[in-house]
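Heads up, the thing below is written out as C-alpha cells.
Just follow the structure's listing: the first ligand is 1, and inside any ligand the first atom is 1. Just so you know, residue 1 is the first one in the sequence shown, and it goes up from there. Every heavy atom of this structure was used, including side-chain atoms; hydrogens, water molecules and symmetry mates were not.
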Amino acid sequence: MRVGHGYDLHRLEPLAPHGTGKPFVLGGVHFDHPSGPVAHSDGDALLHAITDALLGALGMPDIGRLFPDSDAAHRDADSTIFLREAIRRMRAAGFSIGNLDCTVICEAPKIGPRRDAIVSNLANLLGCPESLINVKGKTHEKVDAVGEGRAIEVHTVVLLRRSTSSSD
Ligand code: MG
C-alpha cells in the first residue's frame, strides 16, 4: 500500500470584469459564485490536491513540475487533464484507489449542497466506487485570508492498493 498527501490553495477574486478570478470550479463541478480562483489553469484546487496526493503516493514529481505554470499549453486548462495523467501513472505502476479523503476549506460558497455531485464526478474520474471517496466542506471561522473569503484551501489524503503484480 502507499499513502499520499495533497494540498492546494488558490487566491479568490471577483470574476471579470471586476477582478481576475476564474469561474469557481471544484472537483470538476461548477458553482455559481461571484468570485473564483486566480490561476494559470482553471484553478480547481480539489483536483490539484488530489493529483498531488496520487503523485506523492507514487513518489513521482508533483503537479507543478509535471505541468509548470510557465507552459502556455496549460493556460485555462481543464484540471481533469492533470488528474487523468496522475491516474494513468497510478495504473501503470500497478496501483488502484484504496480510499480518498478530502477537506475543502472556504468561507463561500457552501460545499455541502454540491458534495454529492463532486463525489460522483471524482468516482467517475478515478474509476472507483463513490464509497471510497469522502469530501468534507469546512469554513475558516472568518479568520485569516481563507476565513475572509480571499482564498480556498484543500487537503487530501489518498491510500493506494497494489492491484497488479509488479516488481516495484
Ligand atoms: Mg492549484
Side-chain angles (χ1 to χ4, degrees), residues 2-16 18-90 97 100-112 114-115 117-126 133-140 143-160:
R2 297 282 187 91
V3 173
H5 169 260
Y7 168 81
D8 198 25
L9 179 147
H10 279 266
R11 199 168 76 246
L12 297 173
E13 284 197 2
L15 306 185
H18 306 292
T20 57
K22 294 184 175 178
F24 195 105
V25 61
L26 195 71
V29 173
H30 288 267
F31 287 67
D32 185 15
H33 192 62
S35 65
V38 176
H40 184 69
S41 67
D42 66 2
D44 191 322
L46 180 53
L47 294 190
H48 295 177
I50 296 170
T51 299
D52 259 349
L54 290 173
L55 293 171
L58 296 167
M60 291 181 177
D62 65 50
I63 189 171
R65 285 198 282 163
L66 285 184
F67 306 103
D69 62 10
S70 56
D71 188 340
H74 305 138
R75 186 181 301 280
D76 297 328
D78 178 342
S79 293
T80 59
I81 293 168
F82 310 145
L83 181 57
R84 287 184 199 281
E85 173 60 15
I87 295 165
R88 187 193 68 75
R89 287 169 179 248
M90 172 187 77
I97 300 291
L100 169 67
D101 192 18
C102 308
T103 302
V104 177
I105 311 165
C106 65
E107 214 62 21
K110 291 294 181 197
I111 304 305
R114 308 302 304 280
R115 179 191 172 284
I118 291 171
V119 170
S120 174
N121 195 46
L122 293 177
N124 280 333
L125 286 165
L126 293 164
I133 299 171
N134 190 49
V135 175
K136 305 177 290 294
K138 298 178 72 70
T139 72
H140 209 264
V143 298
D144 298 335
V146 175
E148 292 166 4
R150 295 189 286 117
I152 180 171
E153 193 173 26
V154 178
H155 300 260
T156 61
V157 178
V158 69
L159 179 75
L160 302 186

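Screening the protein for N, O or S atoms under 2.8 Å from the Mg ion (ligand 1) yields 3; no waters enter the count.
Closest of all the heavy-atom pairs between V154 and A45 is CG2-CB, 3.8 Å. The two residues V158 and A57 have their closest heavy-atom pair at CG1-CB, 4.4 Å. When all heavy atoms of H40 and D71 are compared, the closest pair comes out as NE2-O, 2.9 Å.
Under the 3.5 Å distance criterion, the side-chain polar atoms of D52 are left unmatched by any main-chain donor or acceptor of D62.
Looking at heavy atoms from C-beta onward, F31 lies in side-chain contact with I111 at the 4.5 angstrom threshold. In this structure, the side chains of I97 and L54 come closer than 4.5 Å at one or more pairs of heavy atoms.
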